[in-house]
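Values in this document were obtained by computation on a predicted structure and should not be read as measured data. So you know, we letter chains A, B, ... as the sequences are listed, proteins then strands, and number each from 1.
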Amino acid sequence: MAQTAGRHDAGIFTNSWNGRAYVSPDELLAGLTEPQRRAVTHGNGPLLVLAGPGSGKTRVITHRAAYLAQTATDPYHLLAITFTNKAANEMASRLDRLGIGMGMTCSTFHSLCARLLRIHHDRAGLRPNFTIFDTADQTAAMKDAIGRANLSADNYPPAGILSIVSRAKNDMVTPEEMRANARGFRDETFADLYVRYDQVLAEQNALDFDDLLIRTARLLSEHPDLRDQLEDRYRYVLVDEYQDTNRAQYLIARGLCLKRANLCVTGDPDQSIYSWRGADIHNILQFEGDFPRATVVRLEQNYRSTPRILAAADALIANNHKRKEKALWTENADGPAVRVAECEDQHAEAGFIAGEIRRHVEEGGRFGDVAIFYRINALSRNLEMALRSAQIPYQIARGVAFYQRKEIKDVLAYLRVAANPRDQVSLLRIINVPARGIGKTTVDHLVAAATRTGQPVLDILAKPDQVPGVSRAGRHLKLFATLLNDLATTARHGSLKDAVEFVVRNSGLIAMWDKGEDNDALANVEELINAAAEYDQQHLEGGGSLTDWLQGISLVSDVDAIEEESGAVTMMTLHAAKGLEFDTVFLTGLEQGLLPHERSATDLFELEEERRLCFVGMTRAMRRLTLTHAKWRDFRGMSQRRVKSQFLHELPKRGIEKLRIDIHGAGAGEDEEPDIPASSVDYLEWRKGQLVRSAQYGIGRLLWIQPRNRQTYAGVKFTSFGEKTLVLEYANLELVEEAD
DNA sequence: GGTCCAACATTTTTT
DNA sequence: ATGTTGGACC
């Protein structure tokens, strides 16, 4: 987690004067096109920058911030909200390079919110040391809530309930509103679980990711004086990737700009890929409605890609119906053809890519020029193996996965209890890890006592005599309580590194790993210790804390892990690729069920998002773009015949080079016969009004039916899911006979 | 209370 | 193929 720019606390980056030459406002505008210039020099009032891929958006935002800092206000009053910590950090660094004085704030929504909630915790009704629950913690909390409601996790899968609750939170729907809108017993149960889940979090002094946003939005709306104060601090607000903001984020951005309306948002509706996380594309589509005085600047010239790449991507995205048309164009010189490689199986695919990368380097290219994208993480393994055996250096954008490793989570759980003694999820995780004679029965007694008396489990540990049912284990409980106490003392007085090392040395975890012959565990934990030491180094003059460090870890994103100048091939999911660019891009697994993903194929809205995802991947490429798909792919131990992606049929006929790759990963001549897309049933015989059954949505009635683009779209009104627009070729509907 | 093995399913994407 | 969970057994 190397940071370059100035001082920061968990995810908040502030640029600092580094002695570089001051860049004048005129110099900031040099080399910018007319629209870019308009965006940079726009003064007060709302501004929407619709920026196509590769249109120099980052440059515009950075220069705009610098320009404002020189002509309008002190950088102290500037706030930029980016999508990842990495982007925030980079922005602060760029401002540094432009010689802009100290004080601008660059952050993600989540980091900013966490910070505001800690500072203003009393107003928010929180303790300053709250824990941020990740997905696994949330699941544990939800299981607890389901248990308290006397329900079974079999009928109410925690992950499923969590996604319902998360959706409600993203939309700023309270449990009360959910209950009021409940249609039937199940909905009421969901609302009930929502309340109980929030209760569990409150008891543990914990917030989930969504809470960070909605509590901040509420903080702003319920405390006008505080909002006023924040508005005076952040006089100019820039929000990047605005197409991926949700309702809560929208309210926060707006709440910070009520007085001055100096809100500048940038984004591209065609790159909206997070609706499954509650992002609402209407935020950007309706910006002009929200802010009637808004200035709109369109950046349509592309500086990144060759005309062929752009033409291919543009042809693809033109198949989306719900979009704002954009005229993408470029003056760049033409490059090699966009290639589509049909590979015999996934080994051929990976081998072909490895060979191509070798060739790229032999021809004078660098490994660092190359990126490989995939729809799902599971596809990375084959690629990794192929790159390793070809001795190609690579890095994977997997920042989050590191902190989700078992051994890392165990060590962090100790530290989290030290930072927040009410964190029961963490406490129960480690109470018997390593085994220290505290079994399930004892834990049940402890939790029962805690619930009954309203005391945190941690407090009860120290006085086991008062817990009914606990006798022999009492000794172990006391020892554990002492361990945690000593850790808390170390954490309070020593460095962060001291605290992490205390856990590793005194918890007994090392012995456990040795016994289990888990050699990676120790190495990974060493890395964690290094990260702690690095954090100590960055906070020699104070400002750091265990809570802050843990918060940073909770809010890391996958891309945060990638290094720009690593000299290695970069691999990542399509979602992580947003905002990046590479000379050479391989987009893998263009197969039905993978891209578009099978879970999205039946719903038109979701299908369009898959297409946008593909569009994002393609437009990352500057010079060379290769799309690959496999005829056979191993999945869950079985070899599966794969059908090429419908998106491949949507590419232009001209300017695309087709390759066929045999099992050795070698080219095997040209491929002619165009695959027939998946439509085989004649859906045109179906009539509106007919009753249909879907495995996913149950029974519904056809409202309308319409063929388009070699597919058949249909509107279906389902009894329990409402109206959906489906693609019949993938929806797998069956007709239902109606009784007379 | 702890350990080991077998049945089991398998969330796509992530702050 | 792989990682998790629950139950039998020590």
Check: Would you say a side-chain N or O of A:Asn377 is under 4.0 Å from OP1 or OP2 of B:dT14?
Finding: yes
Item checked: P spacing across the pair C:dT4 / B:dT13, given as an integer number of angstrom -> 15 Å
Next item on the list: Could you tell me whether the side chain of A:Arg215 and the main chain of A:Ala124 form a donor-acceptor pair under 3.5 Å?
Entry: yes
Notebook entry, point to check: Does the side chain of A:Ser166 come under 3.5 Å of the side chain of A:Ser163 through a donor N or O and an acceptor N or O?
Noted result: no
Notebook entry, point to check: Would you call the rings of A:Phe83 and A:Tyr274 parallel, tilted or perpendicular if under 30° counts as parallel and over 60° as perpendicular?
Noted result: tilted
Next item on the list: Tell me which of A:Phe209 and A:Glu606 sits closer to the 5' end of DNA chain B, going by the nucleotide each one is nearest to.
Entry: A:Glu606
Notebook entry, point to check: Yes or no on ring pair (Phe, Tyr, Trp, His ring centres under 6.0 Å) for A:His575 and A:Trp276, after CA distance, side-chain angles and deciding distance?
Noted result: CA-CA 12 Å; A:His575 282 90; A:Trp276 51 274; 5.6 Å; yes
Notebook entry, point to check: Roughly, in whole Å, what's the span from CG in A:Leu207 to P in B:dT15?
Noted result: 18 Å
Checklist line | Atom-to-atom span, OH of A:Tyr274 to P of B:dT14 - whole angstrom | finding: 6 Å
Margin query: Less than 6.0 angstrom from the centroid, inside 45 degrees of the normal: does A:Arg633 satisfy that with respect to the ring of A:Phe635?
Written below: no
Notebook entry, point to check: Could you give the NE2-to-P distance, from A:His110 to B:dT14, as a whole number of Å?
Noted result: 14 Å
Note to self: Please confirm whether the shortest side-chain N or O distance from A:Thr441 to OP1 or OP2 of B:dG1 is below 4.0 Å.
What the structure shows: yes
Margin query: For the backbone of A:Asn205 and the side chain of A:Asn420, can you confirm whether one donor and one acceptor N or O come within less than 3.5 Å of each other?
Written below: yes
Check: Toward the 5' end of DNA chain B, which comes first, A:Thr108 or A:Lys440, by nearest nucleotide?
Finding: A:Lys440
Note to self: Without decimals, in angstroms, what is the distance between A:Leu162 CG and B:dT11 P?
What the structure shows: 15 Å
Check: Which part of the nucleic acid, if any, lies within reach of A:Ser163 when heavy atoms closer than 4.0 Å are counted: base, sugar-phosphate only, or nothing?
Finding: nothing
Notebook entry, point to check: Distance check: side-chain N/O of A:Ser111 vs OP1/OP2 of B:dT15, anything under 4.0 Å?
Noted result: no
Notebook entry, point to check: Within this structure, what is the CZ-to-P distance between A:Phe109 and B:dT14, rounded to whole angstrom?
Noted result: 20 Å
Checklist line | Sequence-aligned protein contact record of nucleotides 1-10 of chain C, with B where the base is within under 4.0 Å of a protein heavy atom and S where only the sugar-phosphate is | finding: -S--------
Check: Between A:Arg388 and A:Tyr394, is NZ or CZ placed under 6.0 angstrom from the six-membered ring centre and within 45° of the ring axis?
Finding: no
Checklist line | Whole-Å distance separating the NZ atom of A:Lys86 from the P atom of B:dT14 | finding: 15 Å
Next item on the list: Kindly indicate whether a cation-pi arrangement holds for A:Arg642 with A:Trp632, taking the cut-offs as under 6.0 Å to the six-membered ring centre and within 45° of the axis.
Entry: no
Check: Does any N or O donor sit under 3.5 Å from an N or O acceptor when you compare the side chain of A:Arg599 with the base of B:dT12?
Finding: no
Checklist line | Closest to side chain of A:Ser600, choosing from B:dG1, B:dT13, B:dT12 | finding: B:dT12
Margin query: Please confirm whether the shortest side-chain N or O distance from A:Asn432 to OP1 or OP2 of B:dG2 is below 4.0 Å.
Written below: yes
Note to self: At less than 4.0 Å, is any side-chain N or O atom of A:Thr135 found next to OP1 or OP2 of B:dT14? Yes or no.
What the structure shows: no
Note to self: Tell me whether the ring of A:His575 lies stacked over the B:dT13 base, given a 5.5 Å limit on centroids and a 30° limit on the plane angle.
What the structure shows: no
Item checked: A:Ser557 side-chain N/O to B:dT15 phosphate OP1/OP2 under 4.0 Å -> yes
Check: To the nearest angstrom, how far is A:Met638 atom CE from B:dA9 atom C1'?
Finding: 15 Å
Notebook entry, point to check: So what does A:Asp210 touch, heavy atoms closer than 4.0 Å: a base, only the sugar-phosphate, or nothing?
Noted result: nothing
Next item on the list: Give the rounded distance in Å between these two atoms: CG of A:Leu574 and C1' of B:dT14.
Entry: 14 Å
Checklist line | Closest to the A:His597 side chain, choosing from B:dT14, B:dT12, B:dT15 | finding: B:dT12
